[in-house]
There are 2 protein chains.
Amino acid sequence: MADKRYPGGMTLPAADWLRLDQQICFSLNAASRAFGGVYRVILKDLGLTYPQYLVMLVLWEHGELPVKKLGEHLRLDSGTLSPLLKRLEAAGLVRRERSARDERSVQVRLTEEGTALRERAVEVPRRIATATGFDLAELQDLRSRLERLTTALDGADLTETAGRD
Amino acid sequence: MADKRYPGGMTLPAADWLRLDQQICFSLNAASRAFGGVYRVILKDLGLTYPQYLVMLVLWEHGELPVKKLGEHLRLDSGTLSPLLKRLEAAGLVRRERSARDERSVQVRLTEEGTALRERAVEVPRRIATATGFDLAELQDLRSRLERLTTALDGADLTETAGRD
DNA sequence: CGCCATTTAGTTGTGCACAACTTAGTTGTG
DNA sequence: CACAACTAAGTTGTGCACAACTAAATGGCG
C-alpha cells in the first residue's frame, strides 16, 4: 500500500501521490478557469459568455445544426444546451425551430445578427493566444495532449470500485 | 487583418485562428470536464464532489486554515467557498469557527471524521492517474505547462480593447 | 478618541455542468 | 395496425464559479 507501480515504471509513496494528484487535477482546473476569466473579459464586448462563444464557433463553422449534433461537437447534453440556446435566442443570435422531417429534433440556425457577429469575433483568438504567452507550436502540442487525455478519461474503466473485488 | 504575426514567428489566416481557438479552448474545457466526470465516479464512495475533494486535499496537507488562505491555495473566493464549506460542515468533515484573535476570520479545521477520510482517499490518485493513461513524467510535464499557462493568463494585459488602437 | 479605509466572510443573482426525469415523436416487430 | 423500445429535447434539482454587494471587525491617522 505504500508504493504503487505505474506505467512509466516509477513508484511514489501514496502520500506523495495525494500531493501530486492535487497538483495535476488542480492545475487543469485552474488553467480552465483562468482561461474562462480571460475569455470573460474579451467576450464582454460581444455580449457572450465563454460557453455561448463555443456554441457560436460551432455554428459559424458548420452552419445549421440540430441540438443533438451541437452537443456532440461540444460534449454537452440538452440539460446544458437548452437553456443556453434559449438565452442565445433571446439575444437574437440564433433561432430554434422544430425540424419538419423529424419533429423530435430542433434545428439551431444563426440569425443575420448571429452571422454578422463573426466579423467582430475574428480578433478574439489572436488576443487569447497572445494572453497565453505560448507560441503556435506549443498551443498545438498542448491541444493534442489534452485531447489524448480526454479520450483516455472518457474511455477509462472505473469498475475497480472501492471495497469490492 | 488577414494574417497575424505571432511569437513563434508563424502566421495563420484569421479564419483558421477561429478554428484553432475553438480547438484549444475547447480541449482544455473538455479535459477539465472529463476529469470532473472521472472524479465524480471515484469520489462517490467518499461522498465528495471534486471541488470538495480539492478543499480536503488542502486541509489534509496544511491542517487548519482560515477561509482566506484556503481560497488562495485553490484560487477561489468566499462566494464559492462559503456554501461549499457549509456543505462539508453539514457532512461532518470540517468545522468552522471564528478566530478569537481576529473575529473577521473563520478557521476551517478537520473533524476526526474528516481526518479519517484521508485513509480512504489515498487510493484515489492512483486510480485517477491510471485512468489518464499518462505516465508520471507526462503528468508532471503537463502540470508544469498548465501552471505556466495559468500564470500567463492571470498576468495577461487585456487592455487592448475591441475598437481602439 | 473618533472616523474612515481596508479586510474577511457571507449573501444574492446569473450562468454553466450534469444526473435524473418527463414529454413527445419515431421506429421496429408481431 | 398496435404497442413496446428507442430517441430528442426539455425540465428539475444540486452544486460550482464568479461578480457585485453587505455586514462586521480591524487598523491607521488626525
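Residue numbering restarts at 1 for every chain, and letters A, B, ... go by the order of the sequence lines. In what follows, every heavy atom counts, from backbone to side chain, and hydrogens, waters and symmetry copies are set aside.
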Rounded to whole Å, how long is the line connecting atom [atom1] of [X] with atom [atom2] of [N]?
X       : N      : atom1 : atom2 : answer
B:Tyr50 : C:dC18 : OH    : P     : 13 Å
B:Leu43 : D:dG15 : CG    : P     : 15 Å
B:Leu65 : C:dT8  : CG    : P     : 14 Å
B:Asp77 : C:dT12 : CG    : P     : 16 Å
B:Glu97 : C:dA9  : CD    : C1'   : 15 Å
A:Leu84 : D:dT11 : CG    : P     : 14 Å
B:Lys86 : C:dT11 : NZ    : C1'   : 8 Å
B:Phe35 : C:dC18 : CZ    : C1'   : 18 Å

For this session: List in chain and number order the residues that pass side chain to side chain donor-acceptor pair (under 3.5 Å) with B:Arg109, two or more places apart in sequence or in another chain; answer none if no residue qualifies.
Result: B:Glu64, B:Glu97
For nucleotides 7-9 of chain D, give me every protein contact, N/O to N/O, under 3.5 Å, one pair per line with atom names.
{"from": "D:dA8", "atom 1": "OP2", "to": "A:Lys68", "atom 2": "NZ", "distance (Å)": "3.0"}
{"from": "D:dA9", "atom 1": "OP1", "to": "A:Val67", "atom 2": "N", "distance (Å)": "3.2"}
{"from": "D:dA9", "atom 1": "OP1", "to": "A:Val106", "atom 2": "N", "distance (Å)": "3.1"}
{"from": "D:dA9", "atom 1": "OP2", "to": "A:Lys68", "atom 2": "N", "distance (Å)": "2.6"}

For this session: Quick one: list whatever passes salt bridge (Lys or Arg N to Asp or Glu O under 4.0 Å) with A:Arg98, sequence neighbours left out.
Result: none
Exercise. Does B:Glu89 have any salt bridge (Lys or Arg N to Asp or Glu O under 4.0 Å) partners at least two apart in sequence or in another chain, and if so, which?
Worked result: B:Arg96
For this session: Report yes if the side chains of A:Thr49 and A:Tyr39 come closer than 4.5 Å at any heavy-atom pair, otherwise no.
Result: no
For this session: Evaluate the side-chain proximity of B:Gln107 to B:Val67: yes if any heavy-atom separation is below 4.5 Å, no if none is.
Result: no
Problem set entry | Residues in side-chain contact (heavy atoms from CB on, under 4.5 Å) contact with B:Ala30, at least two apart in sequence or another chain | A:Arg75, A:Thr150, B:Phe26
For this session: With heavy atoms under 4.0 Å as the rule, sort B:Thr49 into base, sugar-phosphate or nothing.
Result: sugar-phosphate
Exercise. DNA chain C: stems of at least 3 consecutive Watson-Crick or G-U pairs, cut-off 3.5 Å?
Worked result: C:1-30 with D:1-30
Exercise. Of A:Arg40 and A:Leu85, whose nearest nucleotide on DNA chain D comes first from the 5' end?
Worked result: A:Leu85
Problem set entry | A:Leu81 or A:Gly37, whichever maps to the more 5' nucleotide of DNA chain D | A:Leu81
Seminar exercise, completed: Closest heavy-atom pair, A:Leu70 versus A:Val58, reported as atoms and distance to 0.1 Å, is CD1-CG1, 3.5 Å
Exercise. Would you say the side-chain atoms of A:Thr80 pair up with the backbone N or O of A:Leu76, donor to acceptor, closer than 3.5 Å?
Worked result: no
Problem set entry | Upstream residue (5' side of DNA chain C) when A:Arg75 and A:Glu103 are each assigned their closest nucleotide | A:Arg75
Problem set entry | Among B:Arg120, B:Glu113, B:Glu119, the one residue meeting side chain to side chain contact (heavy atoms under 4.5 Å, CB included) with B:Leu117 | B:Arg120
